[in-house]
Amino acid sequence: MGELLSHLGEGFGQALTPTNLGYAFAGVLIGTIVGVLPGIGPITAIALLIPLSFGLDPLSGLILLAGIYYGSMYGGSTTSILIRTPGEVATVVTTLEGHEMARRGRAGPALATAAIGSFAAGTFSTLALMLLAPVLVTVAIAFGSAEYFLLMLLALAMTSSLTTGSRLKALIAMLFGLAVATVGIDPQTSVERLTFGILNLNDGIDFALVAIALFAVPEALSSLSRDTSAAEQMQRIQGRIWMNREDWRRSVGPYGRGSVIGFLAGLLPGIGPTLGSFVSYATERKLARGRAEFGKGAIEGVAGPESANNAGVGGAMVPLLTLGIPGSATTALLLFVFMMYGLQPGPLMFREEPGLVWAIIASMYVGNAVLLFLNLPLVGLFVRLLKIPAPLLYTGVLSFAVLGAYAIGFNLFNMLLLFGFGIVGFLMQRYGFPLAPAVLGLVLEPLIEQNLRRALKIAGGDPLTFLHRPISLVLVVLIALAVLSPLLFVILQKFRTGRS
Amino acid sequence: MVGGVVFVLALGYVAAALRIPAPSTGSAAGLGPDVVPLVIGLALAAASAALAAQGLLAARTGGGVGGGSPEDAEERPENARKLIVVAMMLLGYILVFIPIGYLLSTFAFLLAATTFLDRAHWRRNVAYAVVFPLVVYLVFTRGLQVQLPFGILGF
């Protein structure tokens, strides 16, 4: 415990230097602004802004991008409440009660409870991360290549089986990501793979480039080419953005439950934060049966999911920091940023770079506090951003995407790849292929392949090595469950409906 | 339909993976550089074949789910003409970005695209097309030390 506190103290020391405080502030501010813009969620925001961090030192860059992460999460809920346009799936639930509250002139309390819930949950989940991470690290230090290979396979299996849409399409999207990642010179044998003799492909296809292409370009193209129709009416904010005693009383319970549910769901790879906010909504609805006005603007339905949503961020950071395994597209982007700075998240990073790790964790506290103090007074200002006309906003996004592609490789080839992958992303979205599994596959492929080959080499080529160690055997069983459980579920349901 | 297209692409990927040369320094234990791409390619082919089959099955039973049609029936679909024009403008922007420089190419792209989409507010469009590139240029070159192409403007 004493060690923990001293680490944390050092972390705060670093996070609170004027420079890093400035980056946390800038990240949260930029994140909120970008998150408020309709149709742009955390993933798009981080993908587009990765080039901003190229010139920064690792800690500052990570603090900036982490700030953008929670800033844009929060910005997304503002649009959900006021114009019923969620920035991403995790805030879809907020539109249900939040927008109803706004329609009844209670936008102020809705925004306030979202902000305070996010702060409470963010603080809780950072605390839980702090306590849980060192424990996981002591376990993970015993992991070898075989375990890492299986863990990543598990993450991929869960991502494609815990999807909201077609499981087959999610699987195809994930395999597409893996396939793209195999292009380039094989780092272990120096053999050219799938480069078709194109020199520019020798170094592989840059992850940030594909992320920008998949998350920014399709959304912008699609928004620009839609015929303008009567836009969703924006709800005015009446009165102060604060809550009365009754609102507080009704929000506190959902904050607590939402925080715990969100954190636990965030630990799972795949749809962590989304799952958390949906489960929290369902829980609050069930608890409020008969007395609250669910569906007509119940504050519990905003307080719970918004807390769960933000607690999920902390939850998702646990597997990322301790194991180096991202559970969502957003954390996959953060993993890429770590690797860009030459850092490999995992138990070793905790041992070798404790200063950096704890400064990042401390900066999450700081970011959450900044978020609260920035947003409550300034929300009226942010809302004006919603009035930016679509042609200006999305041509700006496209221009920024091109600039990002240029800053990645300083050549035409990368920019053309951006265009190509942008069109692919557009088609994927059009035909219902989720983009997140593709990004996850893309970032994990090199690690999966490296660990698989290393594990086999150590075992002298014996594939049974994965079953011999107890931890890896458990992981194999879990993977089998992740792959088979949806199937079993379907069979069970058919069986039931067949009988009744 | 979609499943079929992905299937053909997957076969192409497998064919390319088969042509990955063996490493010059062979090692007895462990996988060669072509194994993982082959596995990915075959899995992709299998999954897309399943998707195509699902689509065919759904088409036969009359259900629209699965393969072909756009999944989310949004209330406002994209206008194909606008989509193609904007995409071509984006491609044009990319092609001239380095030769004529960041400021000029961005100004031209923003002005062309916003005018095409919303002719009525041309004053606003011009102002935006001038201010946006200038601000971004200054932030990147001065604040973030990222060099952007000068092009023919020479500054």
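The basis for the numbers below is simple: all heavy atoms, side chains too, and nothing from hydrogens, waters or symmetry mates. In the text below, chain A, chain B and the rest are named by the order of the sequence lines, each starting its count at 1.
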* Structure fact -> Pair count under 4.5 Å, heavy atoms only, with chain B: among A:Thr182, A:Leu171, A:Leu168, highest is A:Leu168

* **Among the listed options A:Leu452, A:Ile448, A:Leu178, A:Leu56, the residue most often paired with chain B at heavy-atom distances under 4.5 Å** =>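 Among A:Leu452, A:Ile448, A:Leu178, A:Leu56, the one with the most close pairs to chain B is A:Leu178.
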
Proximity breakdown for [X] and chain A, heavy-atom pairs closer than 4.5 Å:
X: B:Arg124; value: side chain
X: B:Leu9; value: neither
X: B:Asn79; value: both
X: B:Leu117; value: side chain
X: B:Phe116; value: neither
X: B:Ile84; value: neither
X: B:Thr106; value: side chain

Compile the donor-acceptor pairs under 3.5 Å between side chains in residues 395-418 of chain A and protein atoms, sequence neighbours left out, one pair per line.
unit_1   : atom_1 : unit_2   : atom_2 : d
A:Thr395 : OG1    : A:Pro391 : O      : 2.6
A:Thr395 : OG1    : A:Leu392 : O      : 3.1
A:Ser399 : OG     : B:Tyr93  : OH     : 3.1
A:Asn411 : OD1    : A:Phe413 : N      : 3.4
A:Asn411 : OD1    : A:Asn414 : N      : 2.9

Nearest heavy atoms of [X] and [Y], plus distance in Å:
X: B:Pro21; Y: A:Glu192; result: CD-O, 3.9 Å
X: A:Glu449; Y: B:Pro37; result: OE2-CD, 4.4 Å
X: B:Pro33; Y: A:Asp186; result: CB-OD2, 3.3 Å

* Which value, rounded to the nearest 0.5 Å, describes the distance between B:Leu44 atom CG and A:Met174 atom CE? -> 10.5 Å

* **Sequence neighbours excluded, every pair satisfying salt bridge (charged side-chain N to carboxylate O under 4.0 Å, His left out) that has a member inside residues 97-107 of chain B** => none

* Any residue meeting ring pair (Phe, Tyr, Trp, His ring centres under 6.0 Å) with A:Phe419, in chain and number order, not counting sequence neighbours ->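 Once residues adjacent in sequence are excluded, A:Phe419 has no partner under the ring pair (Phe, Tyr, Trp, His ring centres under 6.0 Å) criterion.
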
* Select all residues of residues 127-135 of chain B having any heavy atom within less than 4.5 Å of some heavy atom of chain A, and report them by number, or 'none'. =>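 Residues in range: B:Tyr128, B:Phe132.
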
Heavy-atom contact with chain B under 4.5 Å, split by part of [X]:
X: A:Ile172; result: both
X: A:Glu445; result: side chain
X: A:Phe426; result: side chain

* **Check against side-chain contact (heavy atoms from CB on, under 4.5 Å), B:Tyr13 and A:Leu175** => CA-CA 12 Å; B:Tyr13 178 82; A:Leu175 289 167; over 6 Å; no

* Asked: So B:Lys82 and A:Leu224, side-chain contact (heavy atoms from CB on, under 4.5 Å) or not? Walk me through it.
  -> CA-CA 8 Å; B:Lys82 278 189 188 175; A:Leu224 284 174; over 6 Å; no

